[in-house]
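Worksheet for the structure shown next.
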There are 2 protein chains.
Amino acid sequence: MHDVARLAGVSTMTVSNVVNARAGVSDPVRRRVLAAIADSGYQVNVSARNLRSGRTGVLGLAVPEVDRPYFGQLAARMISRAARLGYRMVVEQTAGRLDGELAAIESSRHQMYDGLVLCAVGIGPDDVRSSPPATPVVVMGERPFEGTVDHVAMPNREGARTAVLHLAGRGSRAIALVGGGARNRDDAFTLREAGYRDALAELGLVAHPELAVRLPTATSAGGREAVAELVRRGTPFDAVFAVTDTVALGVLRGLADAGLAVPGAVRVVGYDDLDEARYSVPSLTSVAPDHDWMAGTALDLLLARLSGARDAPPVADHIAPFRLAVRESSGRAADQHRSPAGPTMPSAGPP
Amino acid sequence: MHDVARLAGVSTMTVSNVVNARAGVSDPVRRRVLAAIADSGYQVNVSARNLRSGRTGVLGLAVPEVDRPYFGQLAARMISRAARLGYRMVVEQTAGRLDGELAAIESSRHQMYDGLVLCAVGIGPDDVRSSPPATPVVVMGERPFEGTVDHVAMPNREGARTAVLHLAGRGSRAIALVGGGARNRDDAFTLREAGYRDALAELGLVAHPELAVRLPTATSAGGREAVAELVRRGTPFDAVFAVTDTVALGVLRGLADAGLAVPGAVRVVGYDDLDEARYSVPSLTSVAPDHDWMAGTALDLLLARLSGARDAPPVADHIAPFRLAVRESSGRAADQHRSPAGPTMPSAGPP
DNA sequence: TTGAAAGCGCTAACAC
DNA sequence: GTGTTAGCGCTTTCAA
């Protein structure tokens, strides 16, 4: 910048003004400066600017695994929305470990960002209380955060319940659960399992322990293996509720391995409504949280904190609305359950 | 830091030394400083440190779309490898547009990073020549870069050729192509199409124009629609080579729509060897570039430039080795084609 | 072993 | 409209 100033025969301040397209620079001077910039190949130093201005114009999104389709699709949504609002957004990976999440929330780690959206798996309200973030943070994830930070969650329990009721409505009675390894009492998989039990109870069906398989990780490989395990156990089943679509796709594969027709012999419902659910054979019925709503809400909350609006609402847990995307894997007739409460449902869910 | 220094009754320099675990600080002083840090909740200011040191310890990975499984899986590989080497790596999205890629390569944009891995779609050697990056850049993508930057590419033409030869080996003769919209003369989809033609020529088969469908975007939706189009055209076909696995999964879905059995009536091969290829029904035969090799090579090249090693080899195009992952969609018998030339193959490929 | 001074590149605030 | 001054928070250098 010094060089540019010398080359153009002006002060660094004027260069700064030109670079930032500020008013109050005469046309001939501006032209001279621009020429000097082009000549010297000058580039603004972002670190210096950040140091001075205290902001970066960049938002962070921390996810457990960048290669999980759910997070990829979430990231794409958030990035394009952020771009529309004038922010750049970059993604980083926490590896789904508590230390990774704490590192992400740790201020020194994300001073690179003006704000952070953290997709949490391990972290909980106590962690936030013990190391409160210095920059605005919004958490997306399952665990209630009890007013420690803004929190956007899925309708885990309610969505799972709806899925199971749907299976029963189609005529299934022996509904298996393929679940995920619970990390804590209130993670997504545990909540979805609770929703599964809610529905069975409502239906007057017993939750046969033989019909529940819990996986160490929620992968397609696991889903496939879970079906093999169910077959080995020998208890007959005529439907499977899988805790995620990724698992459900593995379940479809496992059922194919076992020679079980879908939906003829076994109906299947997943959770997440990934793009992939449309294209599997058979296509996958899935609980479809409103992803756009989630991405939008998380970003809006973050930007509200960022702008430091005094009138910003107090931190709270927000739960996404959902619907059931009914496709081939659960049978023929069409029906759509919708969450009744509109954009933000109370945690308790609909009656 | 000032505050901490005052609190501990030392100079800021000593605080800096403690924070950076440098030698030459007596134990009692160190203890006092640490206590002061804890008390004041001090966090180093990353921008200031970057300004001073001229480096950030962060690498960037710019991909066209974060929600394409291929890029998600690539990112996961690169991030964990970078972490092992002591670097943090973040992902950003170029939206696959030339301006996005130029923005990413533009120095001011990635001064946040010590180096950048750019997965290019639109950008080419001329762009690089006209705006040479100020920090080290490695390009992953299809187009040859003619020695302008380090470049890691897939064996596009050779892999496609192998896929088609495999289909013919299984008995197919009317092999359809479901291709991607070409952006330029040497993008991945054009090269793969060339490989398809190479194989047909070798086999003495004609490339029937009716059997080639080019999609505007390489999506599952497109693959599905392409099959419908092939069926509409009425020219019989007994195999499909799809330019990516994502497209191929849509093709499988489209074939199911059309009531065509895979591999009974139509054999299918994709390209990329996504995780998903293992779990589709039927599972998908796919050209499998060595993804670990690609991620590793790209990162090694970047780090070599970063370290400023004078003995670093000149920039060059590197092409990944590959194999064919044979699964259900192409028939029964097992065989594995391997690229013969080892880790780095000349662009020309094997005879 | 510790500290003082200077400056990384930028910009807000104020003079001219 | 343009220039001067000062300082963001850190670290390199050199002196104590």
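To find a chain, count down the sequence lines: A is the first, B the second, and so on, and within it residues start at 1. As a basis for the values below, the full set of heavy atoms in this structure was taken, side chains included, without hydrogen atoms, waters or symmetry mates.
The nucleotide range of DNA chain D contacted by chain B, defined by atoms under 4.0 angstrom from heavy atoms of the protein and reported 5' to 3', is D/dG9 to D/dT12. Protein chain A contacts DNA chain C over a range whose 5' and 3' limits, counting nucleotides with an atom under 4.0 angstrom from a non-hydrogen atom, are C/dG9 to C/dA13.
Taken residue by residue, residues 42-55 of chain B places heavy atoms nearer than 4.0 Å to DNA chain C at B/Leu51, B/Arg52. Contact check of residues 17-25 of chain B against DNA chain C (heavy atom, cut-off under 4.0 Å) returns B/Gly24, B/Val25. For the contact set between residues 29-41 of chain A and DNA chain D, defined by any heavy atom under 4.0 Å, the members are A/Val29.
Annotation: side-chain hydrogen bond (donor to acceptor under 3.5 Å, both in side chains) contacts of B/Arg6 (sequence neighbours excluded): B/Asp3. By the side-chain hydrogen bond (donor to acceptor under 3.5 Å, both in side chains) test, B/Arg77 pairs with B/Asp292, sequence neighbours left out.
Direction change of the helix axis from one end of the helix from C/dT1-D/dA16 to C/dC16-D/dG1 to the other is 40°, with five pairs defining each end axis (rounded to 10°).
Every pair tested for salt bridge (charged side-chain N to carboxylate O under 4.0 Å, His left out) that includes a residue from residues 40-49 of chain A fails, sequence neighbours excluded, so the list is empty. Among residue pairs with one or both ends in residues 48-76 of chain A, those qualifying as ring pair (Phe, Tyr, Trp, His ring centres under 6.0 Å) are A/Tyr70-A/His291; sequence neighbours excluded. Pairs passing the ring pair (Phe, Tyr, Trp, His ring centres under 6.0 Å) check and including a residue from residues 22-53 of chain B, sequence neighbours excluded, do not occur.
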Scan the side chains in residues 114-127 of chain B for donor-acceptor partners under 3.5 Å anywhere in the protein, sequence neighbours excluded, and list what turns up.
{"residue": "B/Asp114", "atom": "OD1", "partner": "B/Thr56", "partner atom": "N", "Å": "2.7"}
{"residue": "B/Asp114", "atom": "OD1", "partner": "B/Thr56", "partner atom": "OG1", "Å": "3.2"}
{"residue": "B/Asp114", "atom": "OD2", "partner": "B/Thr56", "partner atom": "N", "Å": "3.4"}
{"residue": "B/Asp114", "atom": "OD2", "partner": "B/Gly57", "partner atom": "N", "Å": "2.7"}
{"residue": "B/Asp126", "atom": "OD1", "partner": "B/Arg129", "partner atom": "NH2", "Å": "3.1"}
{"residue": "B/Asp127", "atom": "OD2", "partner": "B/Gly124", "partner atom": "N", "Å": "2.8"}

